[in-house]
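Report on the structure given below.
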Amino acid sequence: MSNVPSELKYTKSHEWVRDEGDGTVTVGISEHAQELLGDLVFVELPELGATVDAGSECAVVESVKAASDVFSPVTGEVIAVNEELADAPETVNQDAFGDGWMFKVRLDDDSQLADLLDADAYNEVIEAEAH
Amino acid sequence: MGNRTVLYDAHNEMGARIVPFGGWDMPLHYGSQLEEHHVVRRDAGMFDVCHMTVVDLTGAGAREFLRYLLANDVARLKEPGKALYSCMLNQQGGVIDDLIVYFMGDEWFRMVVNAATTEKDLAWINQQAGAFEVEVKARKDLAMIAVQGPNALTKAIPLLPKAMQEAVGELGVFKAASHADWFVARTGYTGEDGFEVMLPATDAVALWKGLAAAGVAPCGLGARDTLRLEAGMNLYGSDMDETISPLEAGLNWTIAWEPADRAFIGREPLEAKRGDQANRRFVGLVLLDRGVLRDHLKLFSGDQAIGEITSGGFSPTLEKSIALARVSQQTGDSCEVEIRGKRLKARVVKPPFVRHGKALVEI
């Protein structure tokens, strides 16, 4: 069973969101997502300063197997990207919820966090996929 | 649910992620595809290849039949145990399958064909065999395990039947030895030394677990694909199929043109295209920019479309993305590949990329 930290929010497409409490969030892909993908060998992140829209693709992760889109869970401006991943994409496999974070966004509107899944709801998404 | 090999439960016990492949439920990896790749390049790994099919051809007409059926010529096989890689072509010169054929005796040849093509292969072989004195038998009673890597031989030999250990220890490359229903060939699909072991299905789990206990790592189809790609070995269905001639799949070397009077299936259309400047070249690519080359990506030289990738991926040994590709004859030593709307630079090279743990191309 995958680890699903209760302090984070999630999407059905397996991204996680950490509310930093100052109008910004950190985004990555879940432990479950990296397990499905297998060993990552390349990560393409959004550009600093770019505007991302909730539900639209904004990054790509490539494993030995295939390329997958990462969808932005929120709408806002990209204020940081994890440049370490360019040389060490495997960090996402090793520490999906920590050092494997992908980008940070300044939210257009704080209330959009309420639309995301909590840990229990995300666990149900994983369960449903397994059957 | 797909077909399951006799090793299916053992895979689950070893933590395999199972995926559907060619009608079979097969292990993709047992945790990390990259680690499995490296263990084969540096030590020893094993693969369940029971989904592939062993076909025995016996009888006084077996040799004559195979000289008609295959584009390579089994008459080249003089010593018993010797193996040959060949394409089996259709009347248009397209590739029905690629296979290995072993010459075991004047009235016994053994072929190993791909999993997904097994049924159509058997139908084709039986259809063509009509006029020959040959019996065709798919050996579904046999399992097959590939043991590959620089330490594969040392680790595997003590687990074989005692009566064949000495003979197997002396096997040359691309040769096989048999003992009762055990059959050990010094062949593989990784670019490393190793064996492919065919054995009674009832003995397969014991061998698999014995190899694991001897320090041979279980490896899935994921590593099998990155290893064969680095070794520059074609994958049927990706690099060639029934619409592609071996002349455009880098397989010219597998066509035996001599003797000129050997009438093998597909010879005439191939002869007509031999040396044709319109034939596309089959080349290797190394991506110079960051990213991963994938099947079917389009290739360009300036504004001109010059071809496409037939199989691509990431090379764990080179830590670069590599691919096999079909391109126009005029292609130079570099090209561009379009990935998600961007043009990235790739170097055109001659495969293989890696053999026996060493890089063979400039990166």
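Here is how names work: the chains are called A, B, and so on, in the same order as the sequence lines, proteins then strands, and each is numbered from 1.
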A:Val60 portion near chain B, given a 4.5 angstrom heavy-atom threshold: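 For A:Val60, the side chain is the part near chain B, not the backbone.
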Option in B:Ser315, B:Gly31, B:Gly291, B:Gly222 with maximal non-hydrogen atom pairs under 4.5 Å from chain A: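 The answer is B:Gly291.
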Charged N to carboxylate O below 4.0 Å: is that the case for [X] and [Y]?
| X | Y | result |
| --- | --- | --- |
| B:Glu338 | B:Lys298 | no |
| B:Arg290 | A:Asp87 | yes |
| B:Glu230 | B:Arg41 | yes |
| A:Glu44 | B:Lys342 | yes |

With a 4.5 angstrom heavy-atom cut-off, could you sort out which part of B:Arg294 is near chain A: side chain, backbone, both or neither?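 Side chain only.
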